[in-house]
Amino acid sequence: MDERRRVAIVTGAGSGIGRAVTRALLGAGYRVALAGRHDDALHGTLADVPAAHDDALIVPTDVTDPAAVQRLFESVVERWGRTDVLFNNAGVFGQNAPLDEVAVEQWRTAVDTNLTGSFLCAQAAFRAMKAQSPQGGRIINNGSISAHVPRPHAVAYTATKHAITGLTKAISLEGRAFNIACGQVDIGNAVTDLSANIARGAQQADGSIVVEPMMDVRHAADAVLYMASLPLEANVQFLTVMATNMPFIGRG
């Protein structure tokens with residue numbers, strides 16, 4: 001298969017990092033399926049992308065719904081015959097509140113989207129990659145700086161992102177027999193709608209509010225594109241890309 005015609009699926013493709021990664025993949029010659037909850041946002045991702053519509057497939061998808069995830073992967077295989085890359089990106093930050101004030105419903109929403117949604121998409125990708133010929137593919141999970149260290153008042157997001165690291169390792173282990181590689185990108189302070197509050201001032205461990213350094217989201221997209229572009233004999237297991245001076249090393 002021509003390397004420039006590989007097929008990628010991006011979840012959470014309607015905004016932020018997912019939108020940037022989708023555009024980067026299309027620009028690199030991939031065929032890309034865009035998954036997300038809002039059809040209009042997915043179409044917005046393709047705005048001003050030359051010739052993107054010939055190589056793009058929009059599939060509105062709720063990643064917490066197993067049937068919807070199954071339809072997503074079936075649609076991609078029906079259109080292009082295989083799945084080479086999954087960027088497992090859909091997620092929510094959840095309620096920003098002290099641990100003892102977090103509503104159970106908010107906890108469950110974060111777990112359902114960030115963890116269960118990532119599992120469902122990875123499982124569907126694994127099945128497709130195992131069954132196709134040539135066998136194999138690559139799953140890239142979007143972790144976070146919060147997969148390593150927490151922010152204050154973000155227990156659900158922190159717990160789910162730590163769990164993504166375990167998911168990444170489990171997929172990597174079980175994928176060996178089927179030429180399925182899995183890696184994780186941990187992104188810190190890329191400029192997106194989700195990170196807008198950080199640019200205005202984010203609470204630190206000592207209770208102070210600090211305007212944190214940010215980086216252009218294209219650097220995160222470039223990192224994912226690099227991971228995706230490797231031959232299956234090589235893998236980036238974990239990659240951290242972040243604004244140089246953000247409070248990560250020595251956070252708290």
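This structure is a prediction, so every number in the text was calculated from the model and none was measured.
Using a 4.5 Å heavy-atom threshold, the side chains of Asn88 and Ile140 count as separate. Under the 4.5 Å side-chain criterion, counting only non-hydrogen atoms from C-beta, Leu86 is in contact with Cys121. For the pair Leu239/Asp186, no side-chain contact is recorded, criterion being any heavy-atom separation below 4.5 Å from C-beta on. At least one side-chain heavy atom of Ile187 sits under 4.5 Å from a side-chain heavy atom of Met215. Put simply, the side chain of Ser208 does not reach to within 4.5 Å of the side chain of Gln203, judged on heavy atoms. Two residues are said to be in side-chain contact when any heavy atoms from C-beta on lie closer than 4.5 Å; Leu72 and Ile9 meet this criterion.
Exactly one of Thr45, Thr192, Asp193 qualifies for a side chain to side chain donor-acceptor pair (under 3.5 Å) with Arg19. That residue is Thr45.
Looking at residues two or more places apart in sequence or on another chain, you find no ring pair (Phe, Tyr, Trp, His ring centres under 6.0 Å) involving Tyr226. Here Thr11 pairs with nothing under the side-chain hydrogen bond (donor to acceptor under 3.5 Å, both in side chains) rule; sequence neighbours left out.
Considering every non-hydrogen atom in both Trp80 and Ala56, the closest pair reads CH2-C, 3.9 Å.
The aromatic rings of Tyr157 and Phe93 sit tilted relative to each other, their planes meeting at an angle between 30° and 60°.
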Pairs under 3.5 angstrom only: tabulate donor-acceptor contacts from the side chains of residues 127-134 to other protein residues two or more places apart or in another chain.
unit_1: Gln132; atom_1: OE1; unit_2: Thr83; atom_2: N; d: 3.0
unit_1: Gln132; atom_1: NE2; unit_2: Thr83; atom_2: O; d: 2.8
unit_1: Gln132; atom_1: NE2; unit_2: Gly136; atom_2: O; d: 2.8

**Item:** side-chain contact (heavy atoms from CB on, under 4.5 Å) between Thr240 and Ile145, worked out
**Value:** CA-CA 8 Å; Thr240 300; Ile145 295 297; 3.8 Å; yes

